[in-house]
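Heavy-atom basis, side chains included; hydrogens, waters and symmetry copies ignored. Because the structure is a prediction, the values reported are computed rather than measured.
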Amino acid sequence: MVWPFRKKPEMETRAQDFSLEYMDLRRKGLATGANVTLSATVATAAHYWQSGFAMLDALPMPLPATTLASIGRDLCLKGESCWHIRLDGSELELMPVAYWDELGNGKYHLHIARVNSTETVKALEAEVLKLTINPDPSQPWRGRSPFAMMGLSPVLMAEIEREISVALPMAGKGLLPLPTTISPEERQKALSGLQNGSLAVIGSKADLAVHAGGDRSEIRRVELTPDLQKLALGGVTEDLHHRIMTACGIPPALLTAQGNAGAMREAYRLFALQTITPLARQILPELKKKLAVDAIGIDAMMSADVAGRARAVGVLTKDGVDLEEAMRLAGWKEAKGEHHED
């Protein structure tokens, strides 16, 4: 018979989304809010995105370069960027939103970070600028960063960097047995000669056999420095770096260490035309709807490419295009301040 008044056991609730490793990474700043494991490669990709967005031209209403750079960084790391549209006198002001809750039917709960506090705002869709890229068909209201579609490549790169950093403190360290027959004065003299704890000293040949697995008849130094050359990390890390950069739309030739200026110029044009421009077109409808931005141009990015424009003008004029028309097509008219309406 079951006792009807038995107290129901309390249910223990545990968080399933946070592990000790994840919390450790967050404390060390190795993970962002979008669960992107940070590394030098990820930082490089974010730098190129935010720098490219900072040079965009929003017309007819220009946006601050800091705002455009923040949008580029958010899209790179999180795939979405959210801003609260406010009115400051007669001008619109965009406030960055740290995180937000979408309640449906055009209603939002926005959380804006302040010093020692967080401002929570209830807002409607018309006063929220929400920019997304790479939306998932199952959740079209949410964006996805390029890192969300890379699998374990960013994680592997960060793990390699972390393992190397953990191994470096052991560099130069070893085990040096000192037999017990050595006098205390000689022992102290040997210990005083050690610099920065580069040697771990044990007392006898028996200790060497126990701790280092060596023969008791041997008295020799046992190196504790990890042998990273056997891992052949050079080729692996370089390949991972190129794969991550390519997945972010950044041609590896743009980061070449060979100093090939021609290849870097072509990679820069490819980055501007095939990465920044499509991203700008994806966010243009939202900017046009909320901020009355009619167009986003990359003229500022391309204006510094004097050599490329000169070659373009030469090719056009060689094919029979009028010089003035060729200069207009190459963008030199706009660079000189002469604006033409189509």
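Annotation for Arg144 and Asn134: closest pair NE-O, 3.0 Å, computed over non-hydrogen atoms. The shortest non-hydrogen separation linking Pro140 to Pro135 is O-CB, 3.7 Å. Minimum interatomic distance between Ala263 and Ala253 (heavy atoms only, all atoms of both residues): O-CB, 4.2 Å. Smallest separation of non-hydrogen atoms from His242 and Pro252: CD2-CB, 3.8 Å. The heavy-atom pair separating Met301 from Gly52 by the smallest distance is SD-O, 3.7 Å. Nearest heavy atoms, Ile250 versus Ala45: CD1-CA, 3.6 Å.
Heavy-atom contacts from other residues, nucleotides or ligands closer than 6.0 Å to CZ of Arg142 number 12 or fewer. With a 6.0 Å radius and a threshold of 12 heavy atoms from other residues, nucleotides or ligands, Arg86 has its CZ atom above the threshold. Heavy atoms of other residues, nucleotides or ligands lying less than 6.0 angstrom from CD of Glu91 number 12 at most. Within 6.0 Å of atom CG in Asn105, 12 or fewer heavy atoms from other residues, nucleotides or ligands are found, so the atom counts as exposed in its surroundings.
Atom CH2 in Trp141 sits 9.0 Å away from atom CG in Asp136 (nearest 0.5 Å). Taking CE from Met245 and OG1 from Thr44, the interatomic distance works out to 5.5 Å, rounded to the nearest 0.5 Å. Distance CD/Gln274 to CZ/Arg269: 13.5 Å, rounded to 0.5 Å. Taking CD1 of Ile85 as the reference point, atom CG of Leu94 lies at 6.0 Å (rounded to 0.5 Å). The distance from atom CD1 of Ile296 to atom CZ of Arg281, rounded to the nearest 0.5 Å, is 10.5 Å. Remark: His241 NE2 to Thr246 OG1 distance equals 9.0 Å, nearest 0.5 Å.
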Next on the checklist: Using the rule given for side chain to side chain contact (heavy atoms under 4.5 Å, CB included), can you reason through Leu287 versus Leu131, listing the C-alpha separation, both sets of side-chain angles and the distance that settles it, and then say yes or no?
Outcome noted: CA-CA 8 Å; Leu287 292 174; Leu131 308 172; 4.3 Å; yes
Item to check | Step-by-step side chain to side chain contact (heavy atoms under 4.5 Å, CB included) determination, Arg243 to Asp239 | outcome: CA-CA 6 Å; Arg243 289 168 60 186; Asp239 180 64; 3.3 Å; yes
Checklist entry - Checking side chain to side chain contact (heavy atoms under 4.5 Å, CB included) for the pair Ile244/Phe147: CA distance, chi angles, key distance, verdict? => result CA-CA 8 Å; Ile244 294 175; Phe147 299 103; 3.8 Å; yes
Item to check | Intermediate values then yes/no, side chain to side chain contact (heavy atoms under 4.5 Å, CB included), His111 and Glu119 | outcome: CA-CA 6 Å; His111 305 275; Glu119 178 186 357; over 6 Å; no
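Side-chain contacts under 4.5 Å among hydrophobic residues (ILVMFWY), followed directly or transitively, place Tyr108 together with Met95, Val97, Trp100, Leu110, Ile112, Val121, Val128. Under a 4.5 Å side-chain heavy-atom criterion applied to ILVMFWY residues, the cluster that includes Val315 comprises that residue alone.
Not one N or O on the side chain of Thr275 forms a donor-acceptor pair closer than 3.5 Å with the backbone of Ala272. With Glu125 contributing its side chain and Gly106 its backbone, the two residues share no donor-acceptor pair below 3.5 Å.
Hydrophobic clustering of Ile, Leu, Val, Met, Phe, Trp and Tyr side chains at less than 4.5 Å, counting indirect connections, keeps Leu129 apart from Leu124. Met149 and Ile133 end up in different hydrophobic clusters when Ile, Leu, Val, Met, Phe, Trp and Tyr side chains are linked at under 4.5 Å. Taken together through direct or relayed side-chain contacts under 4.5 Å among Ile, Leu, Val, Met, Phe, Trp and Tyr, Ile283 and Leu291 form part of one hydrophobic cluster. Note on Leu63: it clusters hydrophobically with Ile298, by side-chain heavy-atom contacts below 4.5 Å among ILVMFWY residues. One hydrophobic cluster, built from ILVMFWY side chains closer than 4.5 Å, holds both Leu273 and Leu284.
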Sequence neighbours excluded and cut-off under 3.5 Å, please list the side-chain donor-acceptor pairs for residues 66-77, or say none.
unit_1 : atom_1 : unit_2 : atom_2 : d
Ser70  : OG     : Thr66  : O      : 3.0
Arg73  : NH1    : Gln50  : OE1    : 3.2
Asp74  : OD2    : Ser81  : OG     : 3.1

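Aromatic ring orientation, Phe53 versus Trp49: parallel (interplanar angle below 30°, classes split at 30° and 60°). Between Tyr48 and Phe271, the angle of the ring planes goes over 60°, which puts this pair in the perpendicular group of the 30/60° scheme.
Salt-bridge formation is not detected for the pair Lys130/Glu286: no Lys NZ or Arg NE/NH1/NH2 atom is positioned less than 4.0 Å from an Asp or Glu carboxylate oxygen.
Using a 4.5 Å cut-off on side-chain heavy atoms (C-beta onward), Cys82 and Tyr99 make no contact.
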